[in-house]
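Quick note on labels: first sequence line is chain A, next is B, and so on, each numbered from 1. Values below: every heavy atom of this structure, side chains too, minus hydrogens, waters and symmetry copies.
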Amino acid sequence: MLSHFFSDQLIQWQHQYGRKGLPWQGYQSPYLTWVSEIMLQQTQVDNAKPYFIRFIKHYPNVQTLAEANPEDVMRDWAGLGYYARARNLHLSAKIIHQQHNNQFPNSIEELIKLPGIGRSTAGAILAFGFKQRGVILDGNVKRVLSRFFGIFNNPHYQRGNHFYWQVSHLVTPTIDCDVYTQAIMDIGATVCHVKTPQCQICPLQSKCYAEHYHCQHHLPIKKLKKKPKTLKKLFILPVKSGKVGLTRQHTSNIWKGLWCPIIIDTTTSVFDFSHIHYRHIIKDLKHVFTHQTWKIDCILVYPPNDLHNQIDAWYDIHQLDQIGLPKPMQTIKEMIQYEKNLLHETAETT
DNA sequence: AATGCGTGGGC
DNA sequence: TGCCCAAGCAT
């Protein structure tokens, strides 16, 4: 049967060519699997690696994470993006700590009740963390399945996605499920590339639909993408006594939980600079999100001004290393750490 | 059901 | 440079 050829070949390939020695591999630990799976969502391995190592060093098990200061968790995640993942990770750790006595649930139903754990992450936890049968469906799996079996359903629609899940269920073996699961991800990442699939070294080549019909580049069906809007933003950073005033994002979903300057949208409106003493430190810094692009200007503002009531906390240069900052704010932080007199202009002007 | 949510790397 | 993509999930 074709599905047996598929899984057998992958398992055999994995023993010889699969990725080994990644920081989250080599243990049977639902916790490590969980953290790695969350961290790797929509992220590449090389990017997540250093974050994972530091995270596990700080929070080696569910209990330490559950008892951690949320501020520290956000700081350790800062720079990785998709910050809801970090908030949910912390929240789920608390639930496992308080309601499950620090023991991970080992059923799909219980796992997906935890915030941030969906069907695929739950499947990975079962497969890697418990060595049980678990089914996953991520970008790699979709690409390999669509090419090998010739699946033209659109995974971005519910019905298409459902079909992919059915296929993934059908081909996932019970025996050596963890090896198979790692194999299909690894072959997707290292052989069945999006743009340059290495079909000549692929163990699935002889029975691959896409290879037979030379349609690798048409599979899987791509999502239509809208061009992201460009917005102009003004970052206002009040400075006083060598400290900067920051606000914690809570109304906007972008960067929620992180510390930011006062952010003003100047795409259409105009900001009145006439009554403040300021210094323009960044102009047109481009920051690209998935769904929008920001052109950022940043000014340091030296009080007195009427911005004080918008500030949630004042931080000195060193304290900025201890809190969660989004990427552009990390850039700004490095600027003012490097050019320290920026924060002491107050002394000259008062 | 379609959209929102970060960031870095490859070409 | 701009565009595509990468171990998804929540709403």
Undergrad: Between the protein and nucleotides 9-11 of chain B, list the N/O to N/O atom pairs that are separated by less than 3.5 angstrom.
TA:
none

Undergrad: Out of C:dC4, B:dG6, B:dA1, which nucleotide sits closest to the side chain of A:Gln158?
TA: B:dA1

Undergrad: What is the nucleic acid contact for A:Trp24, judged by heavy atoms within less than 4.0 Å: base, sugar-phosphate only, or nothing?
TA: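 The answer is base, as A:Trp24 lies within the cut-off (heavy atoms under 4.0 Å) of a base atom.
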
Undergrad: For the pair made of NZ in A:Lys295 and P in C:dT1, what is the distance, rounded to whole Å?
TA: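 After rounding, the reported distance stands at 11 Å.
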
Undergrad: Is A:Gly79 touching bases, backbone alone, or none of the nucleic acid, heavy atoms closer than 4.0 Å?
TA: sugar-phosphate

Undergrad: With a 4.0 Å cut-off on heavy atoms, is A:Val141 in touch with a base, just the backbone sugar-phosphate, or nothing at all?
TA: nothing

Undergrad: What about the rings of A:Trp259 and A:Tyr315, do their centers lie closer together than 6.0 Å?
TA: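 Yes, ring centres under 6.0 Å apart.
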
Undergrad: For A:Pro115 and A:Gly188, take the nucleotide of DNA chain C holding the closest heavy atom to each; which residue's nucleotide lies nearer the 5' end?
TA: A:Gly188

Undergrad: Establish, with yes or no, whether the OP1 or OP2 oxygen of B:dA2 is under 4.0 angstrom from a side-chain nitrogen or oxygen of A:His156.
TA: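 Checking A:His156 against B:dA2: no side-chain N or O falls below 4.0 Å of OP1 or OP2.
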
Undergrad: Select one nucleotide: of B:dG6, B:dT3, C:dC9, the one nearest the side-chain heavy atoms of A:Gln41.
TA: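 Nearest to the side-chain atoms of A:Gln41, counting from C-beta on, is C:dC9.
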
Undergrad: Hey, do the aromatic rings of A:Phe55 and A:Trp24 have their centres closer than 6.0 Å?
TA: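 Between A:Trp24 and A:Phe55, which both carry aromatic rings, the centre distance is not below 6.0 Å.
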
Undergrad: C:dG8 P sits how many Å from A:Trp34 CH2, rounded?
TA: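 Atom-to-atom, A:Trp34 to C:dG8, this comes out as 17 Å.
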
Undergrad: In chain order, what residues pass the side-chain hydrogen bond (donor to acceptor under 3.5 Å, both in side chains) check against A:Glu37, with sequence neighbours excluded?
TA: none

Undergrad: With sugar-phosphate meaning primed atoms plus P, OP1 and OP2, does A:Ile117 contact a base, only sugar-phosphate, or nothing at under 4.0 Å between heavy atoms?
TA: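 Contact class for A:Ile117: sugar-phosphate only.
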
Undergrad: Which of these nucleotides, B:dG4, B:dT7, B:dA1, is closest to any side-chain atom of A:His291?
TA: B:dG4

Undergrad: Please report, rounded to the nearest Å, how far the P atom of C:dC4 is from the CD atom of A:Gln216.
TA: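 Interatomic distance, CD of A:Gln216 to P of C:dC4: 20 Å.
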
Undergrad: Out of C:dG8, C:dC5, B:dG8, which has the shortest distance to the side chain of A:Thr121?
TA: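 Ranking C:dG8, C:dC5, B:dG8 by closest atom to the A:Thr121 side chain puts C:dG8 first.
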
Undergrad: Considering all heavy atoms of both residues, which atom of A:Gln25 and which atom of A:Gly21 are nearest to each other, and what is their separation?
TA: OE1-N, 3.2 Å

Undergrad: Rounded to whole Å, please give me the gap between CZ in A:Arg85 and P in B:dC5.
TA: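 My rounded result for the distance is 15 Å.
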
Undergrad: Which nucleotide in the set B:dT3, C:dC4, C:dA6 lies at the smallest distance from any side-chain heavy atom of A:Lys222?
TA: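 Selected nucleotide (nearest to the side chain): C:dC4.
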
Undergrad: Can you confirm whether more than 12 heavy atoms, excluding those of A:Lys131, are under 6.0 Å from its NZ atom?
TA: yes

Undergrad: What's the closest nucleotide to the A:Asn88 side chain, out of C:dA10, B:dT3, B:dG6?
TA: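 Closest nucleotide to the A:Asn88 side chain: C:dA10.
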
Undergrad: May I ask you to check whether over 12 heavy atoms, not counting those of A:His162, lie within 6.0 Å of atom NE2?
TA: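 Not buried by this count: 12 neighbours or fewer within 6.0 Å.
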
Undergrad: Determine the Euclidean distance between corresponding P atoms of C:dC9 and B:dG8; express it in Å to zero decimal places.
TA: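 Taking atom P in both B:dG8 and C:dC9, they lie 23 Å apart.
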
Undergrad: Counting only side-chain nitrogens and oxygens, does A:Lys142 get under 4.0 Å of the OP1 or OP2 atom of C:dG8?
TA: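 No, no such contact exists.
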
Undergrad: In whole angstrom, what separates A:Leu91's CG from C:dC9's P?
TA: 16 Å

Undergrad: Cation-pi check for A:Trp294 against A:Lys233: NZ or CZ below 6.0 Å from the six-membered ring centre and within 45 degrees of the axis, yes or no?
TA: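 A:Lys233 over A:Trp294 ring: yes.
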
Undergrad: I'd like to know if A:Thr290 reaches the base of B:dG6 with its side chain, counting only an N/O donor and acceptor under 3.5 Å.
TA: yes

Undergrad: Check the phosphate of B:dC5 against A:Trp77, side-chain N and O only, distance under 4.0 Å to OP1 or OP2. Yes or no?
TA: no

Undergrad: How many whole angstroms separate atom NZ of A:Lys327 from atom P of B:dG8?
TA: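 For the pair A:Lys327 NZ and B:dG8 P, the rounded distance is 4 Å.
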
Undergrad: With sequence neighbours excluded, tell me which residues meet ring-ring contact (aromatic ring centres under 6.0 Å, His included) with A:Tyr213.
TA: A:Tyr209

Undergrad: Can you tell me if the side-chain N/O atoms of A:Tyr83 get under 4.0 Å from OP1 or OP2 in B:dT7?
TA: yes

Undergrad: Any base atoms under 4.0 Å from A:Lys256, or only sugar-phosphate, or nothing? Heavy atoms, all strands.
TA: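 The answer is nothing, as A:Lys256 stays clear of every strand by at least 4.0 Å.
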
Undergrad: Determine, for A:Arg75 against A:Asp321, whether the closest basic-nitrogen to carboxylate-oxygen distance falls under 4.0 angstrom.
TA: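 Not counted as a salt bridge, because no side-chain N and carboxylate O are separated by less than 4.0 Å.
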
Undergrad: What does A:Lys227 touch in the nucleic acid at a heavy-atom separation under 4.0 angstrom: a base, only the sugar-phosphate, or nothing?
TA: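 No contact.
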
Undergrad: Nearest nucleotide by nearest heavy atom, which residue falls closer to the 5' end of DNA chain B, A:Pro328 or A:Tyr157?
TA: A:Tyr157

Undergrad: Students often get this wrong, so: under 4.0 angstrom with heavy atoms, is A:Arg159 touching a base, only sugar-phosphate, or nothing?
TA: nothing

Undergrad: In whole Å, what is the span from the CZ atom of A:Arg119 to the C1' atom of C:dG8?
TA: 13 Å

Undergrad: Could you tell me if A:Thr64 and A:Asn61 have a donor-acceptor pair between their side chains, going purely by distance under 3.5 Å?
TA: yes

Undergrad: Please pick, from B:dT3, C:dC5, B:dG6, the nucleotide with the shortest atom-to-atom distance to any side-chain atom of A:Phe289.
TA: B:dG6

Undergrad: Select one nucleotide: of C:dC9, B:dT7, B:dC5, the one nearest the side-chain heavy atoms of A:Trp255.
TA: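 Looking only at heavy atoms from C-beta outward on A:Trp255, the closest nucleotide is B:dT7.
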
Undergrad: What contact category does A:Thr43 fall into here, base, sugar-phosphate, or nothing, at under 4.0 angstrom with non-hydrogen atoms?
TA: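 Result for A:Thr43 = base.
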
Undergrad: Taking atom P of C:dA10 as reference, at what distance in whole Å does atom CG of A:Leu89 sit?
TA: 12 Å

Undergrad: Considering only side-chain heavy atoms of A:Gln292, which listed nucleotide, B:dC5, B:dG6, C:dG2, is closest?
TA: B:dC5

